[in-house]
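Beneath this line is the structure, given in structure tokens, with notes to follow.
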Amino acid sequence: MNIALIFAGGVGQRMNSKTKPKQFLELHSKPIIIYTLEHFENHPDIDGIVVVCVKEWIDYLKKLLDKFYIKKVSAIVEGGETGQASIRNGIYKINELYPEDSIVLIHDGVRPLIDENVITDNIECVKKFGNSITVTPAIETITLCSDDKSNDVAEVLDRNRCMLARAPQCFILRDIFSAHRKAVEEGFEDAIDSAMLMRHYGCKLHTTTGSPENIKITTPSDFYIFRAIIDAKENSQIFG
């Protein structure tokens with residue numbers, strides 16, 4: 001089975017929104033989280049969806065699922081103190097509901113510009129290699145700073161070898177579940193994302209190239225880019 005774990009547990013401090021967490025901000029009367037969920041809802045190979053949500057917004061999310069006819073969500077779980085803890089809550093719930101050989105696609109609720117091909121390609125990569133990390137090529141120079149807080153450039157990395165890790169990040173359920181259990185036992189709570197967690201425990205990671213449009217909406221400028229892309233896609237239906 002292929003199960004999407006949609007992470008919408010943050011409150012979006014960098015968005016500077018005074019009214020709603022960023023995943024519930026609306027474009028054309030539709031919340032960002034719904035744009036994201038629709039891609040997985042409409043994908044023929046996705047069998048179920050589990051959403052990790054800010055506790056205070058779970059009831060609101062349930063109403064949105066009904067309003068926008070999202071039917072594949074099998075559970076909504078409460079977020080944790082950190083991103084790692086929130087994803088762990090979702091993984092534990094998936095482990096309760098689905099077989100251990102299921103493929104889990106971990107995706108940010110605020111990456112609404114994913115497409116069907118990226119989902120399909122990730123599933124195929126997991127079937128072949130056991131995991132899949134969505135990446136896009138780096139198009140700017142990346143520098144590695146020194147670790148002495150001086151902000152001096154320690155190294156200029158070869159851009160041709162650099163990739164930006166995005167989402168979804170996909171694993172066999174038993175593997176990602178085991179990694180989270182180890183992290184709890186060892187008190188390791190420093191993982192930025194699932195790729196870092198799995199790498200920490202020695203997993204060889206494989207990549208799937210995704211679209212540069214698959215941005216994470218974190219700041220107001222990200223939202224404006226999202227709006228421009230959606231408007232351009234809608235206009236293309238009329239003008240070609």
Side-chain angles (χ1 to χ4, degrees), residues 1 3-15 21-23 33 36 48-58 61 74-111 122 125-126 129-135 142 144-151 154-155 157 162-208 216 218:
M1 302 187 77
I3 312 302
L5 173 56
I6 307 302
F7 169 60
V11 295
Q13 294 178 347
R14 282 172 288 181
M15 183 60 74
K22 57 187 177 182
Q23 56 269 30
I33 183 67
T36 302
I49 303 170
V50 170
V51 183
V52 180
C53 184
V54 182
K55 179 181 179 181
E56 293 78 11
W57 289 82
I58 289 178
L61 176 58
S74 56
I76 302 173
V77 299
E78 182 181 333
E81 292 294 322
T82 65
Q84 182 178 334
S86 294
I87 292 174
R88 180 168 62 240
N89 291 350
I91 292 295
Y92 281 17
K93 175 56 70 173
I94 291 174
N95 190 65
E96 293 175 9
L97 298 176
Y98 299 101
E100 67 172 8
D101 61 350
S102 299
I103 294 174
V104 181
L105 299 90
I106 303 170
H107 190 70
D108 300 299
V110 287
R111 287 191 191 272
N122 271 280
C125 184
V126 177
F129 296 109
N131 60 66
S132 180
I133 307 300
T134 306
V135 298
I142 297 176
L144 184 66
C145 293
S146 61
D147 57 5
D148 59 4
K149 298 183 180 181
S150 66
N151 291 325
E155 185 178 354
L157 303 180
C162 293
M163 306 290 279
L164 304 178
R166 293 191 167 173
Q169 299 183 354
C170 314
F171 309 91
I172 302 298
L173 174 57
R174 61 173 167 266
D175 296 335
I176 188 69
F177 177 72
S178 176
H180 276 286
R181 285 207 306 181
K182 288 180 182 178
V184 171
E185 293 169 359
E186 299 175 6
F188 176 64
E189 292 288 341
D190 298 327
I192 296 173
D193 60 8
S194 299
M196 181 178 179
L197 177 69
M198 295 298 282
R199 185 69 177 167
H200 177 78
Y201 287 110
C203 181
K204 182 179 180 180
L205 302 177
H206 300 268
T207 62
T208 294
K216 184 177 181 180
T218 303

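The analysis underlying the following values was restricted to heavy atoms, covering all of them including side chains, and did not include hydrogens, waters or symmetry mates.
Side-chain atoms of T134 do not come within 3.5 Å of backbone N or O of Q169 as any donor-acceptor pair. Here the side chain of N95 pairs no donor or acceptor atom with the backbone of L173 at under 3.5 angstrom. Here the side chain of Q84 pairs a donor or acceptor atom with the backbone of A191 at under 3.5 angstrom.
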Q | Worked check of salt bridge (charged side-chain N to carboxylate O under 4.0 Å, His left out) between K93 and E96 | A | CA-CA 5 Å; K93 175 56 70 173; E96 293 175 9; 3.1 Å; yes
(Q) Let's go through S74 and Y98 carefully: what are the C-alpha distance in whole Å and the side-chain angles of both, what is the deciding distance for side chain to side chain contact (heavy atoms under 4.5 Å, CB included) to 0.1 Å, and is it a yes or a no? (A) CA-CA 10 Å; S74 56; Y98 299 101; 2.8 Å; yes
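No more than 12 heavy atoms of other residues, nucleotides or ligands shown are found within 6.0 angstrom of CD on E81. The environment of CZ in R174 is crowded: more than 12 heavy-atom neighbours from other residues, nucleotides or ligands sit within 6.0 Å.
Within the 4.5 Å cutoff, the side chain of Q23 has heavy atoms near those of the V54 side chain. Using a 4.5 Å heavy-atom threshold, the side chains of I87 and V52 count as separate.
Annotation: side-chain hydrogen bond (donor to acceptor under 3.5 Å, both in side chains) contacts of T208 (sequence neighbours excluded): S132.
Under the ring-ring contact (aromatic ring centres under 6.0 Å, His included) criterion, the residue pairs touching residues 171-198 are Y92-F177, F188-H200, with sequence neighbours excluded.
Note that OG1 of T36 is 12.5 Å distant from CZ of F7, once rounded to the nearest 0.5 Å.
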Distance-only criterion, 3.5 Å: show the donor-acceptor pairs between side-chain atoms of residues 99-111 and protein atoms not counting sequence neighbours.
{"from": "S102", "atom 1": "OG", "to": "P99", "atom 2": "O", "distance (Å)": "2.8"}
{"from": "H107", "atom 1": "NE2", "to": "R111", "atom 2": "O", "distance (Å)": "2.9"}
{"from": "D108", "atom 1": "OD2", "to": "R111", "atom 2": "NE", "distance (Å)": "2.8"}
{"from": "R111", "atom 1": "NH1", "to": "N214", "atom 2": "O", "distance (Å)": "2.9"}

